[in-house]
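Naming: A, B, ... by sequence-line order, numbering from 1 per chain. All heavy atoms count here, side chains included; hydrogens, waters and symmetry mates do not.
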2 protein chains.
Amino acid sequence: MISNKCKYAIKALTHIARYDDGYKAVMTADISREQDIPRKFLEIILRELRNNRILESKRGKDGGFRLLRPAEDISLTEIMRIIDGPIAMLPCVSLNYYRSCDECDEENCEIKSVFEQVRDRTLEVLNGKTIKSLILT
Amino acid sequence: MISNKCKYAIKALTHIARYDDGYKAVMTADISREQDIPRKFLEIILRELRNNRILESKRGKDGGFRLLRPAEDISLTEIMRIIDGPIAMLPCVSLNYYRSCDECDEENCEIKSVFEQVRDRTLEVLNGKTIKSLILT
DNA sequence: AATAAATACTATCAAATAGATAGGATTAAT
DNA sequence: ATTAATCCTATCTATTTGATAGTATTTATT
């Protein structure tokens, strides 16, 4: 399962991508109201996306958030990794968050290859999806 | 990510499948030692698998656990659902643990179809895997 | 009948994570 | 100055994860 936080992040980004006219920034309060996401929680999420160079923010009156890159250059996997961490089902098959398993001999692990296959099939779907492709659906 | 508990469950089952000679039951202590799984935690897992009709147990001296069905009839998805619950990444696309999302209009959800695809690709891999197929790898 | 050795059961616990909320500091447009 | 936005720090509660302890019960063997 992805976390609520991650789902909120994706929905916030699609909202921003849709409403960003290249001029006015999109405000937290608007996203919160229209996507039904708790406001203070959303603030944290948007700041985290800004810290990871997905968004840029403008403070003060008429402030808000804008995509730092075109929506077609922001992949779902990137967002999911920022918010939730690894996508793989086992730490030892994660491409971006690899950790070895304490108790198993990785060379002879029986379950590793299964979860490598799951990872590859999952990424085949997710790698192709961007914020842009989501809002066209 | 699957939980450690689930990884332990799968490893315990492959261990039992390999050592079960149809006569003597396999003891918790042996599995614990050879698979390096904390013993008391393993007890809980094995009991849970027994309660879900994956294993049968024998108490007392010379007791232990045996597969209740042939290893080729126990799928990975069944074990994962028993121990960790849903396999899908969103509650609203789960086949066995469906729950609607509070905050979204499911008809018009932008992200649902992506995670349906992920679910389908994942199940394509996992549905084919059984305890039997794991120990032959 | 006693003993040894196994699972069954109940209770508990510590750490991490999820999912937020509160309140004030800072910034910027008017 | 005022208003309205993000930024930041701290805090909180509930749940889940990953276990451990101790006792009860069952069964094979002697």
Side-chain angles (χ1 to χ4, degrees), chain A residues 1-9 11-12 16 19 23-33 35-52 54-66 68 80 82-86 89-91 97 99 101-103, chain B residues 1-9 11-12 16 19 23-33 35-52 54-66 68 80 82-86 89-91 97 99 101-103:
Chain A
M1 287 274 183
I2 65 172
S3 64
N4 261 334
K5 189 179 176 185
C6 189
K7 190 171 62 167
Y8 292 162
K11 293 203 167 190
I16 292 171
Y19 283 82
Y23 170 62
K24 268 188 83 176
V26 184
M27 292 187 303
T28 307
D30 291 340
I31 305 171
S32 167
R33 186 183 352 94
Q35 300 293 325
D36 202 14
I37 300 171
R39 193 209 154 117
K40 281 299 208 175
F41 195 26
L42 180 58
E43 276 189 22
I44 294 171
I45 295 167
L46 294 175
R47 223 172 327 120
E48 200 165 338
L49 292 172
R50 186 211 51 176
N51 292 339
N52 284 278
I54 303 296
L55 294 173
E56 60 180 351
S57 65
K58 182 162 174 276
R59 297 180 72 170
K61 199 173 179 183
D62 291 339
F65 294 88
R66 257 189 238 107
L68 194 54
M80 291 171 66
I82 289 170
I83 302 294
D84 277 353
M89 284 189 166
L90 284 179
Y97 293 85
R99 275 187 310 111
C101 297
D102 298 330
E103 86 288 354
Chain B
M1 288 273 182
I2 65 170
S3 65
N4 260 335
K5 189 177 177 187
C6 189
K7 191 172 62 170
Y8 292 162
K11 294 202 167 192
I16 292 171
Y19 285 80
Y23 171 60
K24 267 187 84 175
V26 183
M27 291 188 304
T28 307
D30 293 340
I31 306 172
S32 167
R33 184 181 356 90
Q35 300 293 325
D36 201 15
I37 300 171
R39 192 207 155 118
K40 281 298 207 175
F41 195 25
L42 181 58
E43 275 188 22
I44 293 172
I45 294 166
L46 294 175
R47 221 169 330 118
E48 200 165 337
L49 291 172
R50 185 211 52 175
N51 291 339
N52 283 278
I54 302 296
L55 295 172
E56 61 180 352
S57 65
K58 181 161 174 278
R59 298 178 72 167
K61 200 174 180 182
D62 293 337
F65 293 88
R66 254 189 240 108
L68 194 53
M80 291 171 67
I82 289 170
I83 303 294
D84 276 355
M89 284 189 165
L90 285 179
Y97 292 87
R99 276 187 307 112
C101 297
D102 297 330
E103 85 289 355

**Asked** Using the C1' atoms of five pairs at each end, what's the angle between the two axes of the helix from C:dA1-D:dT30 to C:dT30-D:dA1, to 10 degrees?
**Response** 0°
**Complete:** By side chain to side chain contact (heavy atoms under 4.5 Å, CB included), B:Ser32 pairs with (sequence neighbours left out) B:Arg39, B:Leu42
Does a side-chain N or O of [X] approach OP1 or OP2 of [N] to a distance below 4.0 Å, or not?
{"X": "B:Ser57", "N": "C:dA8", "value": "yes"}
{"X": "A:Asn4", "N": "C:dA18", "value": "no"}
{"X": "B:Tyr8", "N": "D:dA19", "value": "yes"}
{"X": "B:Thr28", "N": "C:dT7", "value": "yes"}

Proximal nucleotide (of [options]) relative to the [X] side chain:
{"X": "B:Ile44", "options": "D:dT6, D:dT27, D:dT20", "value": "D:dT20"}
{"X": "A:Phe41", "options": "C:dT21, D:dC7, C:dA8", "value": "C:dT21"}
{"X": "B:Arg39", "options": "C:dA5, C:dT7, C:dC9", "value": "C:dT7"}
{"X": "A:Met27", "options": "D:dA19, D:dC7, D:dT6", "value": "D:dT6"}

**Message:** If I take atom CG in residue B:Asp30 and atom P in nucleotide C:dA5, what distance separates them, rounded to the nearest angstrom?
**Reply:**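 Answer to the nearest Å: 14 Å.
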**Complete:** Separation of D:dC8 atom P from A:Arg59 atom CZ, nearest Å, is 7 Å
**Request:** Just call it for B:Arg50: base, sugar-phosphate, or nothing, with non-hydrogen atoms closer than 4.0 Å on any strand.
**Result:** sugar-phosphate
**Request:** Give the intermediate values and the outcome of side chain to side chain contact (heavy atoms under 4.5 Å, CB included) for residues A:Phe41 and A:Lys5.
**Result:** CA-CA 8 Å; A:Phe41 195 26; A:Lys5 189 179 176 185; 3.9 Å; yes
**Asked** Given that B:Asp62 and A:Leu42 both sit by DNA chain C, which one's nearest nucleotide is further toward the 5' end?
**Response**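 Closest to the 5' end, via its nearest nucleotide, is B:Asp62.
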**Asked** Quick one: does B:Lys40 reach the base of D:dG18 with a side-chain donor-acceptor pair under 3.5 Å?
**Response** no
